[in-house]
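Encoded as structure tokens, the structure appears first; notes follow it.
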Amino acid sequence: MKFEVNFIRTTLALFALGIVNLLFVEKTQAASIQHQLHKHIPKVIGYLNENQLKTVGVLKFRVKKPGEKTSSSAGSLNSQLADRLEVGLILANPFDERRQLNIIKDASAKAAKIDKASHLTVAGRKAFFGPRFKLAWGNQSVVADAFLTGIVQVHDNNQRASVAILCFNKSGGKLERACDVFEVALDAESLGGIGESFLLRGAFDDGSTQLTFKDSQKQKQQLVLKEAIQVKSQQVKFPLFDSAAPVKLEVFYDGQPVSIEMRQGQAFISEPRAGQKVEMVLVRNRSARGRLGIVLKVNGENTLYRQVVRDFDCTKWILSPDYTKTVVRGYQMKNNVAEKFTVLSNAESARRTMDYGRQVGQIHMTVFQELSAAKPILAILDEDEQDLTAMLRGVQPTKQPKNPGALKHQIRLAGRKGTQSRGLIVQGAKTANKVETVTFNTDPTPVMSVTITYYRP
């Protein structure tokens with residue numbers, strides 16, 4: 001077994017806030033959600049400085065999908081956007097001490113433990129301004145001045161969305177916009193991040209095309225959007241039931257297969273009971289070509305090393321003609337150690353108006369092909385482009401730096417190094433957790449993405 005690691009105005013209604021705030025945005029040629037977020041971060045910093053809000057944390061975003069309630073658990077995108085906004089604020093943080101921000105590290109993790117904390121109500125917002133939060137650098141714990149969060153409203157065709165970055169502060173009152181609402185174009189990554197599924201049926205199977213690398217990726221992304229719409233509208237089979245799917249995912253509780261129930265183009269399974277053994281099996285389709293890299297996440301955490309970065313950056317399970325099946329019994333960690341799955345729902349979250357934890361009650365699988373040719377040589381990036389790359393990763397160093405300048409340097413350095421194309425091989429049943437690292441040259445656009453919901457808060 002292996003693994004690798006337009007001039008039209010649109011309205012964004014914040015229904016779940018107990019108010020009807022109509023936010024308007026002019027449609028232009030929408031960029032990706034990551035580019036637009038990066039573009040608007042200086043505006044957010046300007047807002048915070050204008051309002052003399054120096055110490056700030058970033059909380060989990062909410063997502064409003066067509067026909068569904070606004071949710072804090074639509075998928076990995078909820079927490080991923082908060083991670084990226086936090087890293088983006090660090091990188092854009094002014095060196096001028098008069099304008100420099102104190103940025104809290106992973107405010108959502110702390111918020112998840114604060115009783116009655118919720119940015120959706122006046123009382124819930126007050127709960128944030130008593131506890132102390134750790135900063136992203138040094139050893140200081142502070143009381144916050146303000147918190148940023150956001151809401152993503154997906155439009156009917158699942159191809160575009162409107163994003164609002166919101167702020168509330170210690171003086172009380174309502175949520176305010178920290179910058180203009182912006183329009184974004186969804187892509188394969190963001191679709192998977194909101195729990196949508198797709199399968200590129202036969203597209204570029206042999207890895208050969210007369211298109212340039214950039215054009216082929218653009219064409220694949222267009223196909224992803226089309227296929228996701230067809231899966232959602234049930235015009236085609238759900239990927240897990242499609243014989244053309246390159247990989248099959250099976251879930252077992254106590255050794256028994258769990259049946260999948262389909263509702264409006266989405267997959268659901270029963271929630272495991274306390275103490276049940278959970279296993280997941282990845283099986284490669286015999287008709288698939290070449291090696292495949294699979295990212296399998298539970299509650300937004302990669303089953304390899306519990307990574308919470310975007311799928312492309314994750315270490316991947318590898319399936320090939322020689323290794324066609326992988327049984328995943330837990331989170332594979334370093335030193336050939338595996339931890340049991342923690343897929344049980346948090347009962348407390350059902351009683352909270354807002355759940356800031358990363359648990360989203362989902363199993364998510366993304367399948368990548370291997371590039372048949374060498375990776376294209378990337379142009380030298382300017383500083384702004386380097387910051388975008390680092391923000392995309394949304395990762396901060398494990399060892400906390402002493403000051404904001406050192407933190408910026410470490411984040412940028414990690415971004416320049418880029419993503420390692422790596423994978424792991426599990427060496428047989430007798431040494432189920434012993435692994436070997438292999439090289440895998442990942443095609444950026446996944447050919448398959450599947451979300452199975454086992455619990456909905």
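Residue numbers start at 1 and run along the sequence shown. Here the structure is a predicted model, which is why all the values come from computation and not from measurement. What's counted below: heavy atoms across the whole structure, side chains too, no hydrogens, waters or symmetry copies.
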Reported CD-to-CZ distance for the pair Q80 and R84, which is rounded to 0.5 angstrom: 4.0 Å
Residue pair S449 / H364, side-chain heavy-atom distance below 4.5 Å: yes
Sidechain N-carboxylate O distance under 4.0 Å for R160, E183: yes
S197 side chain to T451 backbone, donor-acceptor under 3.5 Å: yes
Backbone of G357 reached by a side-chain donor or acceptor of D355 within 3.5 Å: yes
Q221 (side chain) donor-acceptor with A188 (main chain) under 3.5 angstrom: yes
Check against side-chain hydrogen bond (donor to acceptor under 3.5 Å, both in side chains), D443 and Q217: CA-CA 9 Å; D443 188 312; Q217 295 304 315; 3.0 Å; yes
CA sep, side-chain torsions, deciding dist, call: N102, W137, side chain to side chain contact (heavy atoms under 4.5 Å, CB included): CA-CA 9 Å; N102 294 324; W137 55 85; 4.1 Å; yes
Side-chain donor/acceptor of N93 to backbone N/O of Q100, under 3.5 Å: no
Under 3.5 Å donor-acceptor, S190 side chain and D187 backbone: yes
Where at least one partner belongs to residues 91-104, residue pairs that pass salt bridge (Lys or Arg N to Asp or Glu O under 4.0 Å), sequence neighbours excluded: D96-R98
Donor-acceptor under 3.5 Å (E86 side chain, D106 main chain): yes
Cation-pi check, K408 onto F95 ring (under 6.0 Å, within 45° of axis): yes
Partners meeting ring pair (Phe, Tyr, Trp, His ring centres under 6.0 Å) with F129 (sequence neighbours left out): F147, F168
Short side-chain to backbone donor-acceptor contact, Q362 and A74, under 3.5 Å: yes
Reported CG-to-CH2 distance for the pair L292 and W317, which is rounded to 0.5 angstrom: 15.0 Å
Check ion pair D83-R358 (N to O, under 4.0 angstrom): yes
